There are 2 protein chains.
Amino acid sequence: MPKTKYIEIYEDLKQKIEKSFYEYQQLLPSENTLVKEYECSRNTVRRAIANLINDGYVQTKHGQGARVIYQDFKQNEYMFGETESFKEFAQRNHKKHETKVITFEELTVDETIHEHTRMPIGVEVYHIKRVRHLEGSPVIMDVNYFRKDVAKGLTVEIAEDSIYEYLSKELNQRAVTAKRKMVVERTTDMDEKYLKLDGFNSVVVVTSHIFNADGIMFEHTQSRHTPGNFVFFDQTQRK
Amino acid sequence: MPKTKYIEIYEDLKQKIEKSFYEYQQLLPSENTLVKEYECSRNTVRRAIANLINDGYVQTKHGQGARVIYQDFKQNEYMFGETESFKEFAQRNHKKHETKVITFEELTVDETIHEHTRMPIGVEVYHIKRVRHLEGSPVIMDVNYFRKDVAKGLTVEIAEDSIYEYLSKELNQRAVTAKRKMVVERTTDMDEKYLKLDGFNSVVVVTSHIFNADGIMFEHTQSRHTPGNFVFFDQTQRK
DNA sequence: TGGTATTTGTCCGTATGTATC
DNA sequence: GGATACATACGGACAAATACC
């Protein structure tokens, strides 16, 4: 199953940068050179490079070229830069993980919940509270609202394993856009009760609004992280 | 000074979405319709839409169209989502602001500093520590390293006002790419001494690597924020 | 159910402008 | 000034997913 051309080129260049075939501060070959190398149009090369820019791998300058600005940041083993489920993260890092369900109930969105989640009033949702354990320590508390019409058939068992795995494998539902907001808040009694705070009197609160391919906001989640193992990366390009 | 066509279209569509001319959950007109409306090629329309996707304003689906997923999030007046200088931020929000310089020295990068900042050994830098005050409260401690060959002629006076203003106006230097990492750490004695922590025993530490148009990493900054007024937004699209 | 039109996604080629070397 | 290189814009062709009748 061949991917698209520009993705192939993008991944090839990306790998060559990661392996220092193209080194930090070096210019990539010119677009016209790459056109010959990959036997494609200039547009296609430019799409590939646009993706590298977006990833913070290169930076272009008019009339000069695309310069590598990627540095190997000893891929931090901790959470979390992108959209990755807790289970995936834990498995990728070979960490013991466990999820305990605190609350599992079905509700109808009322004025209060609407205010808080922006889900339309009257919609039926699953309301789930879970505590995530890593290497035996409770480090995250998740409070989810899932639209029942999109995330049909959730159960406590699924919530203990991986809701995302269920959604993608069973229901063919995927997160397409995730909007997130991060703040640091004082711990609550709930935090104190359920999380291993290691002396911190604050938690990192990540509020997410997640949209599926149909543009429906089917999930609202508040994740409360213990400060110790929370890492966030981002990169921005200004034009 | 006319901007480029696709930026004009992008900004026009963006504004129409913000003003609910195109409403939440509604489909934009088809690309071919927009081609007629803006009298341009389809590629140009597609570039404009690609930018809207990147901003989390719309989401496209093959064969269907571009659906508006923008919701007005009562633009939080607090810090910080994008690359904006402290002075700009304070002025935009009509807040009283002040910057006090704690340390201002010139150094040569040695092994230790290199390890910490990734700046090349032997390069001369300004090393600056500053405390930022908002409405009279000390809320951020910045520790900067600026390459002297790029940020020529810095002074304490400039550091008390705005280094970025100086760089852009006097030296015509701009931040093109910013890579950032965020963690939450225990407060240090320095934090306790200089910041108004309001009972928090943690600070948000943002480490930034900033590149200019020539691809040179000319600034390394560690910003230590009091938790109370720290907000961060982001959005990601998955394909 | 099935066929057709619509709409987005990919790719190509060409031309022109502008910044850099 | 000339050569090189990226940036913008146009146009056309076809594929693939969706919507409509």
Side-chain angles (χ1 to χ4, degrees), chain A residues 1-13 22 25-54 57-69 172-174 176-177 212-216 237-239, chain B residues 1-13 22 25-54 57-69 172-174 176-177 212-216 237-239:
Chain A
M1 181 169 300
K3 297 179 187 178
T4 59
K5 225 170 197 176
Y6 81 92
I7 294 284
E8 273 182 9
I9 298 172
Y10 156 70
E11 288 176 348
D12 187 58
L13 291 172
Y22 300 123
Q25 293 295 355
Q26 187 184 340
L27 289 175
L28 293 189
S30 77
E31 293 175 355
N32 285 321
T33 308
L34 293 173
V35 162
K36 288 168 195 157
E37 196 174 323
Y38 291 105
E39 291 175 334
C40 65
S41 74
R42 196 170 148 233
N43 272 336
T44 303
V45 165
R46 285 179 61 75
R47 292 192 66 178
I49 293 178
N51 278 301
L52 293 174
I53 294 172
N54 211 270
Y57 273 52
V58 303
Q59 197 180 267
T60 56
K61 188 173 178 184
H62 198 149
Q64 184 177 77
R67 174 162 276 120
V68 177
I69 57 169
N172 202 28
Q173 285 285 345
R174 299 185 317 113
V176 171
T177 303
N212 71 1
D214 295 321
I216 293 177
Q237 281 76 37
R238 211 144 289 332
K239 299 246 53 174
Chain B
M1 177 170 305
K3 297 177 187 178
T4 59
K5 225 171 195 175
Y6 81 93
I7 295 284
E8 273 181 8
I9 298 172
Y10 156 70
E11 288 177 348
D12 188 58
L13 291 172
Y22 299 123
Q25 294 295 355
Q26 186 183 341
L27 288 176
L28 293 188
S30 78
E31 292 175 357
N32 284 321
T33 308
L34 292 173
V35 162
K36 289 169 195 157
E37 194 173 324
Y38 291 105
E39 291 176 335
C40 66
S41 73
R42 193 172 149 227
N43 272 335
T44 303
V45 164
R46 285 180 61 76
R47 291 195 65 178
I49 292 176
N51 278 303
L52 293 174
I53 294 172
N54 211 271
Y57 272 52
V58 303
Q59 198 179 267
T60 56
K61 188 172 179 185
H62 196 153
Q64 185 176 76
R67 173 163 277 119
V68 176
I69 56 170
N172 202 28
Q173 285 285 347
R174 299 185 317 113
V176 171
T177 302
N212 70 3
D214 295 321
I216 293 177
Q237 281 74 37
R238 210 142 296 329
K239 298 246 53 172

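Sequence lines set the chain letters: A, B, ... in the order given, protein chains first and strands last, and positions in each chain run from 1. Only a predicted model underlies this, so the values are computations on that prediction, with no experimental measurement involved.
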Handout entry: All side chain to side chain contact (heavy atoms under 4.5 Å, CB included) counterparts of A/Thr60, not counting sequence neighbours
Key = A/Ile49, A/Ile53, A/Ala66
Problem - Residue list, side chain to side chain contact (heavy atoms under 4.5 Å, CB included) with B/Asn43, at least two apart or on another chain - result: B/Ser41
Exercise for the section: Decide yes or no for A/Leu52 and A/Leu13: does some side-chain heavy atom of the first lie under 4.5 Å from some side-chain heavy atom of the second? Expected result: yes
Exercise for the section: State which residues pass side chain to side chain donor-acceptor pair (under 3.5 Å) with A/Glu11; sequence neighbours excluded, sorted by chain then number. Expected result: A/Lys3
Completion exercise
Counted 5' to 3', the first and last nucleotides of DNA chain D within 4.0 Å (strictly under) of a heavy-atom of chain A are D/dA5 to D/dT8
Listing time: all N or O pairs from protein to nucleotides 19-21 of chain C that are below 3.5 Å?
unit_1 : atom_1 : unit_2  : atom_2 : d
C/dC21 : OP1    : A/Gln64 : NE2    : 2.6

Exercise for the section: For A/Tyr57, check ring pair (Phe, Tyr, Trp, His ring centres under 6.0 Å) against everything at least two apart and list the hits. Expected result: A/Tyr70
Handout entry: Steps toward side chain to side chain contact (heavy atoms under 4.5 Å, CB included) verdict (A/Glu37, A/Leu34)
Key = CA-CA 5 Å; A/Glu37 196 174 323; A/Leu34 293 173; 3.9 Å; yes
Exercise for the section: Grab the two heavy atoms, one from A/Cys40 and one from A/Ile9, that are nearest each other, plus how far apart they are. Expected result: SG-CD1, 3.7 Å
Handout entry: Terminal axis angle for the helix from C/dG2-D/dC21 to C/dC21-D/dG2, five pairs an end, nearest 10 degrees
Key = 10°
Handout entry: Results of salt bridge (charged side-chain N to carboxylate O under 4.0 Å, His left out) for A/Arg46 - residues two or more places apart only
Key = A/Glu31
Handout entry: For A/Gln173, all residues meeting side chain to side chain donor-acceptor pair (under 3.5 Å), sequence neighbours excluded
Key = A/Asn212
Handout entry: Nearest non-hydrogen partners of A/Tyr6 and A/Ala48, listed with the distance
Key = O-CB, 3.6 Å
Fill in the blank from the handout: Shortest non-hydrogen pair, B/Gln237 vs A/Thr177, comes out as NE2-CG2, 3.4 Å
Shorter than 3.5 Å, N or O on both sides, protein versus nucleotides 2-5 of chain C: list them out with atom names.
none

Practice task
Compute whether any side-chain donor of one residue and acceptor of the other, for B/Asp12 and B/Tyr38, lie under 3.5 angstrom apart.
Solution key: yes
Practice task
Check whether any side-chain nitrogen or oxygen of A/Lys3 sits under 4.0 Å from OP1 or OP2 of C/dT10, and answer yes or no.
Solution key: no
Handout entry: Beyond-backbone contact of B/Ile69 with B/Val58, side-chain heavy atoms, under 4.5 angstrom
Key = no
Fill in the blank from the handout: Sorted by chain and number, sequence neighbours left out, side chain to side chain donor-acceptor pair (under 3.5 Å) with A/Lys5 holds for none
Fill in the blank from the handout: In numerical order, the residues of residues 31-52 of chain B whose heavy atoms come under 4.0 Å of DNA chain C are B/Glu31, B/Arg42, B/Arg46
Completion exercise
In A/Gln59, A/Gln25, A/Arg67, A/Lys61, the residue satisfying side chain to side chain donor-acceptor pair (under 3.5 Å) with B/Asp214 is A/Lys61
